[in-house]
Chemist: 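I have a structure I would like to understand better, so I am pasting it below and will then ask my questions one at a time.
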Amino acid sequence: MTSAGPRVRGRFTGTLGAVAATLGSAVGLGNIWKFPYMTGESGGAAFIIVYVIATFLIGLPVMISEHVIGRTARSDAIGSLRKLAPKEPWWLIGTAGVIAAFLIIAFYTEVIGWVLIYIVKAFSGQIVTTDPSVTGAAFGSVISNPWLALGLQWVVLAGLMAIIIAGVSRGIEAMVKRLLPILFVILLIIAIRSLTLPGASAGLEFLFKPDLSKLSFGVVLAAMGLAFFKLSVGMGTMITYGSYYPEEQDIPKSAVRVMLGDLFVSLLAGVAIFPAVFAFGVEKAAGPSLMFITMPTVFSSLPGGPVVQSIFMGLFFVLAACAATGAALSLFEVPVAFLEDHTGWSRKRAAIVTAVALAVAGAFPALAESWLSGVKIGGLNLFDAFDFASSNILLPVGGLFLCIFLGWRWGWPQVKEGLTNKGSLDNQGMVRFFYGVAKLISPVLILVVLLGGLGVLGG
Ligand code: PHE
């Protein structure tokens, strides 16, 4: 149908579909893996408070900016900026975004691959043990097996590609709408189990009772970096999704909903994890391996015997897979939208080319613990280097320039026009406030994160 006339751009089915897809992008391994391990490492509630502030002052304004840019221009991350500011170099922000999407998806799909194999390991009872050295060895054998690492990543890429080919509304939106309720129910079940364990209250205290002495410059930087990654901002994902938003979408309102929904999922994940971690006295500051090494020992300590233990453990990894899918789809969509908008290729062709390119890029982090274990960039292995380069450099740089573009190049009259829904704009006071934040406050804060992340400010 579309092959004859001009190509019809994808569109979410309605305001609810748009919110669901966007929430599906925000909710991801960030909630189930990064947020808990960073909270565990960085002192609990104090870290969470800084993270929430960063979400309000950086994440939300950048998200609103991206959505309005995308919906106004109705193009991909690069094309949108090119359309709004022709013959000016702002499109380079979009280019950095496409590169960031590549770097993130390269390591993200590898983590999803581990999650998939852990679903099998957990349900089959292979990792029911309270000995972290056993779960550590099991994890080590997964990440150090090069063919397994590559194979898992290819399976994930093929699955994502199939959903992407099905389309923006019939693929991405439909999938996310199915996964979000499953995710929520599993999270609730695990949270209730965790909260009803004897000794759970110490975990709640860790999550909600701030010990401000834990705050340091490093903690503040980590929280700000997480705010970018969590809300999928600073790299054009949200421009791309904004370009699929319906005309009548109230952008500030839906961005607030997405932010609150995402925060709720993170906190609930914390409630599912920390009370149990404290109840069984396992190491809470395990870092990135929290999910794969510590959590299996936590589930193996649950009362009820090995069958109950493997069911809860399996559900936890199903939860992670459900969360990760929507986020990975939004990353995958960034280069696909670019190719579709600029080459005239069909969606199918764009998705296949993207998947192959991602398989090549993804091999670097996938092989970081095997064939490429000797390769280090600035002391980091390739997996950590991809994570660092995207979260700590490319996303903040992208966010910084997006705010500057919005506040200083595009300006309030255009932004207001772009946000207007069918001629009217609700909550004008709040919207102006966020515009002011995006113009004046976010860029300064981001600059601090950026320089800090690069070590210029120490900390
Ligand atoms: N927000 C996703 C998560 O929390 C990660 C992501 C980052 C997705 C950037 C898209 C773009 O896991």
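Indexing begins at 1, ligand by ligand and atom by atom, following the structure's order. Numbers here simply count residues along the sequence, with the first being 1.
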Chemist: Does Arg74 pair with Glu247 as a salt bridge, N-O distance under 4.0 Å?
Modeler: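 The answer is yes: the pair qualifies as a salt bridge.
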
Chemist: Compute the ring centroids of Phe292 and Phe139, then answer whether they are less than 6.0 Å apart.
Modeler: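 Under 6.0 Å, so yes.
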
Chemist: If you measure every N/O of Thr237 against every N/O of ligand 1, is any gap under 3.5 Å?
Modeler: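 Between Thr237 and ligand 1 (N or O atoms, distance only) the closest approach is not under 3.5 Å.
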
Chemist: Sub-3.5 Å donor-acceptor pair from the side chain of Ser391 to the main-chain atoms of Phe388, do we have one?
Modeler: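 Side chain of Ser391 to backbone of Phe388, a donor-acceptor pair under 3.5 Å: no, none is there.
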
Chemist: Is it the side chain (CB and beyond), the backbone, both or neither of Phe229 that lies under 4.0 Å from ligand 1, heavy atoms counted?
Modeler: both

Chemist: Out of all atoms in ligand 1, which are within 4.0 Å of some heavy atom of Ser330? Include the element for each.
Modeler: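 Atoms satisfying the 4.0 Å criterion: 10 (C).
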
Chemist: Under 3.5 Å, is there a donor on one side chain and an acceptor on the other for Asp76 and Thr240?
Modeler: no

Chemist: Does atom CG (Leu92) have a neighbourhood of more than 12 heavy atoms from anything else shown, all under 6.0 Å?
Modeler: yes

Chemist: Salt bridge or not between Arg347 and Glu333? Use side-chain N to carboxylate O under 4.0 Å.
Modeler: yes

Chemist: Check this for me: does any side-chain nitrogen of one of Arg82 and Asp341 sit under 4.0 Å from a carboxylate oxygen of the other?
Modeler: no

Chemist: Give the numbers and elements of all ligand 1 atoms closer than 4.0 Å to a heavy atom of Gly30.
Modeler: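 Counting from 1, the qualifying ligand atoms are 3 (C), 4 (O), 12 (O).
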
Chemist: Who gets closest to atom 8 (C) of ligand 1 by heavy atom: Ser232, Gly236, Ala328?
Modeler: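 Of the listed residues, Ser232 has the closest heavy atom.
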
Chemist: In ligand 1, which numbered atoms sit nearer than 4.0 Å to a non-hydrogen atom of Lys230?
Modeler: 1 (N), 3 (C), 4 (O)

Chemist: Ignoring angles and geometry beyond distance, decide whether Leu29 reaches within less than 3.5 Å of ligand 1 through its nitrogen or oxygen atoms.
Modeler: yes

Chemist: Please confirm whether Phe35 approaches ligand 1 to less than 4.0 Å, judged on its heavy atoms.
Modeler: no

Chemist: Give the atom numbers and elements of ligand 1 that come within less than 4.0 Å of a heavy atom of Ala26.
Modeler: 1 (N), 2 (C), 3 (C), 4 (O)

Chemist: Is ligand 1 under 4.0 Å from a heavy atom in the side chain of Met235, in the backbone, in both, or in neither?
Modeler: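 Within the 4.0 Å criterion, Met235 contacts ligand 1 through side-chain atoms alone.
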
Chemist: Enumerate the atoms of ligand 1 whose separation from the nearest heavy atom of Tyr108 is less than 4.0 angstrom.
Modeler: 2 (C), 3 (C), 5 (C), 12 (O)

Chemist: Under a plain distance cut-off of 3.5 Å, with no hydrogens placed, do Tyr244 and Ser169 share a side-chain donor-acceptor pair?
Modeler: no

